[in-house]
Amino acid sequence: MLAFPTGTTATPTAIAVPPALRLPLVEAAFPRRLHEYWPKLQEKTRAWLLEKRLMPADTVEEYADGLCYTDLMAGYYLGAPDEVLQAVADYSAWFFVWDDRHDRYVVHGRAGAWRRLRDRLHTALDSPRAHLHHEDALVAAFADSVGRLYAILPETWNARFARHFHAVIDAYDREFHNRTHGIVPGAEEYLALRRLTFAHWIWTDLLEASAGCELPDAVRKHPAYRRAALLSQEFAAWYNDLCSLPKELAGGEVHNLGISLITHGGMTLEEATAELRHRIQECVVEFIEAEGQALRLADGLADGTVRGKELGIAVRTCVGNMRNWFSSVYWFHHESGRYAVDSWDDRSTPPYVSNEATGEK
């Protein structure tokens, strides 16, 4: 299903990408497509947000569709069975809500509340069924979404996903510490931490779920596959930093590559923005090269055996969706109300979240 050329909402409008954020190579070389299930996906994720009490009804009504969370996933995991895409999209929507809760806990200095949430998520990740009715709606919704993801592939994949997400939770904990203590990490330290807070390996794991095939370590850790996967995620994280920079400067943030470059590299805002753009553009060019190497890996796996054919198809599907990540992430940042900072009354406080600290009885 070809995406709307200028948007994916019910009434698409022309999207004017600001010159500082425009990437002609992405617009030209990465055509945008959407999973055919997308309209139903949007409807069902909206209902799930209500059912799990992740957002108040009036917030869901006013903001959920405009945040475009389902558009992002429907543009990424093409070819996934409908129920798999639904599980992934609900989990993704949960992730954004969790990120907002974490942000509000930082803003309000609620270290105790954050520690409780952190520990509950660690526990729920290992035993989701036992947390389906947890008193904190965020924990209960997490248990629901993770349990559905665990039903897709074997236990070995589940254990890897859990290991990767435990690391994400710990990284959010380090970010909480940095933000509450005003610590701006250096660029290299930040980039290593960003791979975790952006959940690089979670979204990469979910490529296998969408392809319906758990990849063996020899394939998943092959330099050609791993480099293409990493570059697709680095692009997304760095482009997010570029687009989020005004919002995060307004909010006194410390976790952004641009802010690290300004603080530790002695750059001006304009220089940091230019450096971010350069890194992002190089990332796109390098992915195109890595993509070819990963596809050659897929060809080599198709050795005439049934298993070889299955793995070759799965790798091609995963690499194709790595490519889709570029266009999906790019347009998401210009369509989602999450980044419409200039339209907010307070540039540091999104209108789709309460500025009160939430989640505690």
Aromatic ring centroids of [X] and [Y] under 6.0 Å?
X      : Y      : result
Tyr339 : Phe332 : yes
Phe287 : Phe326 : yes
Tyr239 : Tyr330 : yes

Basic-acidic side-chain contact under 4.0 Å: [X], [Y]:
X      : Y      : result
Asp99  : Arg338 : yes
Asp299 : Arg316 : yes
Asp100 : Arg104 : no
Arg22  : Glu27  : yes
Glu135 : Arg120 : yes
Glu43  : Lys40  : yes

Can you name the ring pair (Phe, Tyr, Trp, His ring centres under 6.0 Å) partners of [X], sequence neighbours left out?
X      : result
His200 : Phe198
Tyr69  : Phe96
Trp94  : Trp98, Phe142

- Message: Does the plane of the ring in Phe161 sit parallel, tilted or perpendicular to the ring in Phe165? Use 30° and 60° as the thresholds.
- Response: parallel
- Query: Does Tyr172 offer a backbone N or O that forms a donor-acceptor pair with the side chain of Thr197 under 3.5 Å?
  - Reply: no
- If only atom types and distance count, is the side chain of His333 paired as donor or acceptor with the main-chain N or O of Val329 below 3.5 Å? yes
- Message: Using a 6.0 Å cut-off, check whether atom CD of Glu61 has over 12 heavy atoms from anything other than its own residue.
- Response: no
- Message: Are the side chains of Glu189 and Arg174 in contact, using a 4.5 Å heavy-atom criterion?
- Response: no
- Task: Apply side chain to side chain contact (heavy atoms under 4.5 Å, CB included) to the pair Phe95 and Val168, showing each step before the final yes or no.
- Result: CA-CA 11 Å; Phe95 202 114; Val168 171; 4.1 Å; yes
- Message: Within 45 degrees of the ring normal and closer than 6.0 Å to the centroid, is that where the cationic atom of Arg33 sits relative to Trp38?
- Response: no
- Message: Measuring from atom CG of Leu49 to atom NZ of Lys52, what distance do you get when rounded to the nearest 0.5 angstrom?
- Response: 11.0 Å
- Taking atom types as modelled and ignoring hydrogens, do the side chains of Gln86 and Asp82 form a donor-acceptor contact shorter than 3.5 angstrom? no
